[in-house]
Undergrad: 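Structure provided below as structure tokens; questions to follow.
Computed from heavy atoms alone, side chains included, the values below leave out hydrogens, waters and symmetry copies.
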Amino acid sequence: MLRAGGRRLLAPGLRRVLGGGAAAPVAVGGAKAYHERVVDHYENPRNVGSFENDDPSVGTGLVGAPACGDVMKLQIRVDESSGKIVDACFKTFGCGSAIASSSVATEWVKGKQMEEVVTIKNTEIAKHLSLPPVKLHCSMLAEDAIKAAVKDYEAKKAKLAQKGEEKAAEA
């Protein structure tokens, strides 16, 4: 009996999720749930995967939120001659909002200059996904992961330049 009642409560919300329509939060059993953009990025995440950490053209950002247990790894591949991010990927262990924030972040950084991606703010990601205040930390993780990946790439680049100088000095 309880199982049948549960289906009746969930069915209207599921119909809205699966049927598309207006870009509004999906209601399940009278309570607001995830926005359809979050559901889309959660069910069909873009750019899931990872690159080789040893690749000098790859920057890796690994961030986490101890309060909720979300962990996000975002990687960028940079064209060294142009400074443009040519590819990005992520792996996230967390809630739907964290996965969606990671997915959006990887889409937004592709094709942009390094200086441009560090200006992406968590508020822009949160607004795009219509995240509720209780889920804002997920968009903050995405912003932090982007900045950490850029910082990692720049540190690798500086380390390679230093090694090149040392070899030149030895010769």
Undergrad: Please answer whether the main-chain N or O of Gly94 pairs with a side-chain N or O of Thr92 as donor and acceptor at a distance below 3.5 Å.
TA: no
Undergrad: Please report the C-alpha distance between Arg46 and Asp40 in whole Å, then the side-chain angles of each, then the deciding distance to 0.1 Å, and finally whether the salt bridge (charged side-chain N to carboxylate O under 4.0 Å, His left out) criterion is met.
TA: CA-CA 10 Å; Arg46 284 66 151 181; Asp40 179 41; 2.7 Å; yes
Undergrad: What about Val78 and Val150, same hydrophobic cluster or not, with Ile/Leu/Val/Met/Phe/Trp/Tyr joined at side-chain heavy-atom distances under 4.5 Å?
TA: yes
Undergrad: Does Lys112 reach the main-chain N or O of Trp108 with its side chain, forming a donor-acceptor pair under 3.5 Å?
TA: yes
Undergrad: Considering only Ile, Leu, Val, Met, Phe, Trp and Tyr, and joining two whenever side-chain heavy atoms are under 4.5 Å apart, list the other residues clustered with Val63.
TA: Met72, Leu141
Undergrad: More than 12 heavy atoms of other residues, nucleotides or ligands under 6.0 Å from NZ of Lys157: is that the case?
TA: no
Undergrad: Who clusters with Tyr42? Use side-chain heavy atoms, under 4.5 angstrom, across I, L, V, M, F, W and Y, and order the result by chain and number.
TA: Val48, Phe90, Ile99
Undergrad: To the nearest 0.5 Å, what is the distance between CG on Asn122 and CG on Asp144?
TA: 8.0 Å
Undergrad: Are Val117 and Ile125 connected in a single hydrophobic cluster, I mean Ile/Leu/Val/Met/Phe/Trp/Tyr linked by side-chain heavy atoms less than 4.5 Å apart?
TA: yes
Undergrad: Please step through side-chain contact (heavy atoms from CB on, under 4.5 Å) for the pair Lys135 and Cys95, ending with a clear verdict.
TA: CA-CA 9 Å; Lys135 293 293 183 178; Cys95 65; 3.5 Å; yes
Undergrad: Would you please say whether a donor-acceptor pair under 3.5 Å links the side chains of Gln75 and Asp152?
TA: no
Undergrad: Determine yes or no for a side-chain-to-main-chain donor-acceptor pair under 3.5 angstrom, with Arg77 supplying the side chain and Ala88 the backbone.
TA: no
Undergrad: Would you check if the side chain of Lys156 reaches a backbone N or O of Asp55 as a donor-acceptor pair within less than 3.5 Å?
TA: yes
Undergrad: Report the C-alpha distance between Leu129 and His41 in whole Å, list the side-chain angles of each, state the deciding distance to 0.1 Å, and finish with yes or no for side-chain contact (heavy atoms from CB on, under 4.5 Å).
TA: CA-CA 9 Å; Leu129 293 172; His41 279 276; 4.3 Å; yes
Undergrad: Tell me whether the count of non-hydrogen atoms from other residues, nucleotides or ligands lying under 6.0 Å of NZ in Lys151 goes above 12.
TA: no
Undergrad: Check whether any side-chain heavy atom of His137 lies under 4.5 Å from a side-chain heavy atom of Asp70, and answer yes or no.
TA: yes
Undergrad: Do Val118 and Leu74 share a hydrophobic cluster (ILVMFWY, side-chain heavy atoms under 4.5 Å, transitive)?
TA: yes
